[in-house]
Each structure stands twice: as C-alpha cells, then as structure tokens.
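Everything on this sheet refers to the single structure shown next.
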Amino acid sequence: MPELPEVETIRSDLQREVVGSTITAVKLYWERVVAFPSAEDFVRGLTGRRIEDIGRRGKYLLFRLDSHDVLIAHLRMTGQLIHRRASDEMENQVRAVLELDDGSQLRFADMRKFGRLWLVPSELMVVGKLGPEPLAEEFTFEVFRERLRRRKGAIKPVLLDQSVIAGIGNIYADEALFAARIHPQTRVGDLTELQLQNLYQAVRAVLASGVENRGTTVDRYRDGLGRRGGFQEKLQVFRRAGQACPVCQGRIQRIVVGGRGTFICPSCQRLAVSSQKDEFDDPDPTQPWYH
DNA sequence: ACCACAACCTGGCCGC
DNA sequence: TGCGGCCAGGTTGTGG
C-alpha cells in the first residue's frame, strides 16, 4: 500500500533515473489505466516529451514535462513504477510502459488494476482537493489542530481523509496512533491538547522514519528500481495481531475502525469513556492486580 | 457533515 | 488437489 513514504521513495529514485530523458514511445497493455484524457490523447501527449522534474503530492507522483503538461500516477494498493533496461525481464501485470531515449523503460505494473495515470495541463485537476503535506515546514501544529477542528467522528478515519492531510494510509495511521498512545476510535473533539500535540509529532515522526527507511514492504510495494523497503522492520503494531506490544508486552489486537482493519495495543491505547462505564471492566494486564 | 456500504480488482487464504 | 467464498485497502460514488 504505497503511502507518502513509499511514493516519496519512488519519486527520489526516479528523479535520479529518468529526469532529462525524453519519452520515445508509450505502450498501453490495459487502456483503462489511463484515467484522463482518452488513451489516444494520452499517448499522443506524452510521445516526444522530455521529463523535466518529478514531484509528489500526497500519494500522487507528478512528472512535469517540457510541454507543461503533467503526467500523474497513483499506485493505489498494488501499483509499481519501476525503471528498467528494455532488455530486463518484464514484470507481471504491466499495464503501461514509457520507452525512454536512453533505451530504458519506465514500467507501470499493477496486479489489481486500481492504479491510474493522468495527463493534464494543470496538476490541480487531480490533486487540487488534497490537504497539506504533513512533512512540509508550513505544516505546523497550529495548522494540524485547525484542520482537525471542524471534523467530527473517530480520529483514524480523519487521518485517512486525504482532504484533511495528504499522504497518510492505513499503515502509518495505525503506527502514528500507537506512537501517540491514542485509540483510533477516540472522537476528534475528545482529544486533549496534549494528545493533539503527541499525535502531530507522531504523524511527522512516523512518516519521516518511513521515508528514511525507504518505505514499508508488507505486500507488493517496490521502490523505483524494484527493491523492497525497510520500514516493515520498524512496525510496532501494523499487521502484528497476537504479537507482543513492544512497549508493554500486552497482546496486539486487530479491530475494525471505519471499515478498515486496524491494529492497536489495547492497553497502551485506551478509549477514554465518559465515566459511565467503569474501568473495572477493562483491567490493565500490566498492573499487578490483574489475575 | 457524518456514516455505511458498494464498486473497482486479483492473489492468497480458509474451510470443506 | 480443487473449488467456492471471503478478505485485503485507496478512492469515488451513492444514499441515508
């Protein structure tokens, strides 16, 4: 599941690999990979164009071209963008290939066919509704608090809402909430000032570490050269149900929040209940009176 | 504005 | 070994 750190890793790999190259041909093996414009116009608009720069907004990759059009890619769940020599063995489930003037290829592979490509005159057509970049300097605590303020409901679905903050997906949402010791079902309005500060720091730290470690390969994610990431070694809770919490040794649980699989340590991440239900229902296994 | 749910897809897993 | 059924999760769209 490519989220901000995975997409950023691919961006920096491809920046080094393909910026300055010219697209000599475009092959589509599954036309519906092109979300906009038509497959024909997409191929026509890319052929002969030089790649000037590669940017990123949230989970979107932005290839800026000398025509001032922007090629945009979203990998959704299983997409891969890999730079190879034309003579290298082809990946499975390749949906599109850009041939470059140095004899290399940029290959878009995607098992589940959810990923999409766009070719647009303005990137705002695709990424205009995204919230701020969480690792940008301008993303201060005040911005974070203000963005959350008008939202209601459980915190985890809010973190996953790309119009609130761009780039967080299921992996980093669970890791950030664990790092901040916040239960994913906590209502946004119930978060204390201290919890908001902890969550702000946790979101930034977890995403930055994800980038530092070149992303998380728990499934099909590969970087721009086809290599695995490293952050899966650092995961504290994600996909670790039944294993020991690294902090308290309690058992990590899988629950469902907002319809998504969610991993928590139930003793580190308590759901603050408004006094009606008492704490005796939910003994803390780390405390001596348990047993 | 919020929530729930379906749709898009296919490989992997489970139970029988 | 084989088959049906379910699950995974980013995003969009529908409907309450």
Side-chain angles (χ1 to χ4, degrees), chain A residues 1-11 28-36 56-62 72-81 91-96 108-118 120 123-131 133-134 146-177 184-191 203 207 210 215-222 229 231-232 235 237-242 252-264:
Chain A
M1 295 118 268
E3 307 179 23
L4 186 154
E6 291 71 34
V7 178
E8 177 57 27
T9 301
I10 296 170
R11 188 204 65 76
L28 297 178
Y29 297 95
W30 185 68
E31 290 200 351
R32 283 202 284 145
V33 72
V34 179
F36 183 91
R56 179 189 58 73
R57 270 292 275 137
K59 305 173 191 173
Y60 294 82
L61 276 169
L62 312 170
I72 302 184
H74 196 299
L75 305 173
R76 292 281 174 88
M77 260 112 68
T78 57
Q80 304 174 332
L81 259 176
E91 284 71 19
N92 291 331
Q93 297 125 355
V94 170
R95 312 302 177 195
F108 186 94
D110 184 19
M111 176 184 92
R112 287 177 67 181
K113 299 182 173 177
F114 284 7
R116 290 293 183 269
L117 302 172
W118 295 257
V120 289
E123 63 195 56
L124 292 181
M125 289 175 62
V126 178
V127 300
K129 297 223 162 91
L130 292 180
E133 282 296 318
E146 188 51 38
R147 293 245 116 202
L148 295 197
R149 174 174 301 204
R150 41 197 142 155
R151 306 309 300 265
K152 292 217 156 69
I155 181 62
K156 178 169 174 181
V158 172
L159 287 180
L160 293 176
D161 185 335
Q162 303 299 298
S163 70
V164 175
I165 303 168
I168 302 172
N170 216 27
I171 299 172
Y172 296 95
D174 282 4
E175 292 295 315
L177 287 164
Q185 269 160 335
T186 310
R187 314 209 113 236
V188 175
D190 289 346
L191 292 169
V203 163
L207 291 173
T216 305
T217 299
V218 285
D219 199 358
R220 308 184 82 84
Y221 164 69
R222 295 293 185 278
F231 195 73
Q232 62 278 8
L235 295 174
V237 291
F238 186 77
R239 291 213 186 159
R240 295 178 56 87
I252 295 167
Q253 270 183 12
R254 182 186 186 278
I255 60 177
V256 174
V257 180
R260 310 208 179 172
T262 297
F263 298 86
I264 60 167

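Chain identifiers are assigned alphabetically (A, B, ...) following the order of the sequence lines, protein sequences preceding nucleic acid strands; residue numbering begins at 1 within each chain. What you see is a predicted model; the values in this text were computed from it and never measured.
Between the CZ atom of Arg239(A) and the P atom of dC7(C) there is a distance of 15 Å, given to the nearest Å. Rounded to an integer number of Å, the gap from Arg150(A) CZ to dC2(B) C1' is 15 Å. Protein atom CZ of Arg57(A) is 12 Å distant from nucleotide atom P of dT11(C), rounded to whole Å. Summarising the geometry, the separation between CE on Met1(A) and C1' on dC7(C) is reported as 12 Å, rounded to the nearest angstrom. If you take CG of Asp161(A) and P of dA1(B), they are 10 Å apart, rounded to a whole angstrom. Atom NZ of Lys156(A) is separated from atom P of dC2(B) by 18 Å (rounded to the nearest Å). Atom CZ in Arg149(A) sits roughly 16 Å away from atom P in dA1(B) (whole-Å rounding). We find that CD of Gln185(A) is positioned 11 Å from P of dC3(B), with the value rounded to whole Å.
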Could you run down the sub-3.5 Å N/O contacts of the protein with nucleotides 9-13 of chain B?
| unit_1 | atom_1 | unit_2 | atom_2 | d |
| --- | --- | --- | --- | --- |
| dC9(B) | OP1 | Arg32(A) | NH1 | 2.5 |
| dC9(B) | OP1 | Arg32(A) | NH2 | 2.7 |
| dC9(B) | O4' | Arg112(A) | O | 3.4 |
| dC9(B) | O2 | Arg112(A) | NE | 2.4 |
| dC9(B) | O2 | Arg112(A) | NH2 | 3.0 |
| dC9(B) | N3 | Arg112(A) | NH2 | 3.1 |
| dT10(B) | OP1 | Lys113(A) | NZ | 3.0 |
| dG11(B) | OP1 | Gln93(A) | NE2 | 3.4 |

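Using a 30° and 60° split on the angle between ring planes, Phe263(A) and Phe238(A) fall in the perpendicular class, above 60°.
Residue Gly258(A) is out of contact with every strand shown, counting any heavy-atom pair closer than 4.0 Å.
Not one N or O on the side chain of Gln162(A) forms a donor-acceptor pair closer than 3.5 Å with the backbone of Gly58(A). Of the possible polar contacts, none joining the Gln93(A) side chain to the Arg112(A) backbone as a donor-acceptor pair under 3.5 Å is found.
The pair Arg57(A)-Glu133(A) meets the salt-bridge criterion, with a side-chain N (NZ, NE, NH1 or NH2) lying under 4.0 Å from an Asp/Glu carboxylate O.
Residues Val33(A) and Asp110(A) are not in side-chain contact: their nearest non-hydrogen atoms beyond the backbone lie 4.5 Å or more apart. You'll find the side chain of Lys156(A) reaches within 4.5 Å of the side chain of Asn170(A), heavy atoms only.
Listed pair His74(A) / dG10(C) fails the phosphate criterion, with no side-chain N or O lying under 4.0 Å from OP1 or OP2. Of the side-chain N and O atoms in Lys59(A), one or more sit less than 4.0 angstrom from OP1 or OP2 of dT11(C). Not one side-chain nitrogen or oxygen of Arg151(A) sits closer than 4.0 Å to the OP1 or OP2 atom of dA1(B). Look at Gln162(A) and you'll find a side-chain N or O under 4.0 angstrom from OP1 or OP2 of dT11(C).
Taking atom P in both dC3(C) and dC9(B), one finds a spacing of 24 Å when rounded to whole Å.
Remark: Leu235(A) CG to Ile252(A) CD1 distance equals 10.0 Å, nearest 0.5 Å.
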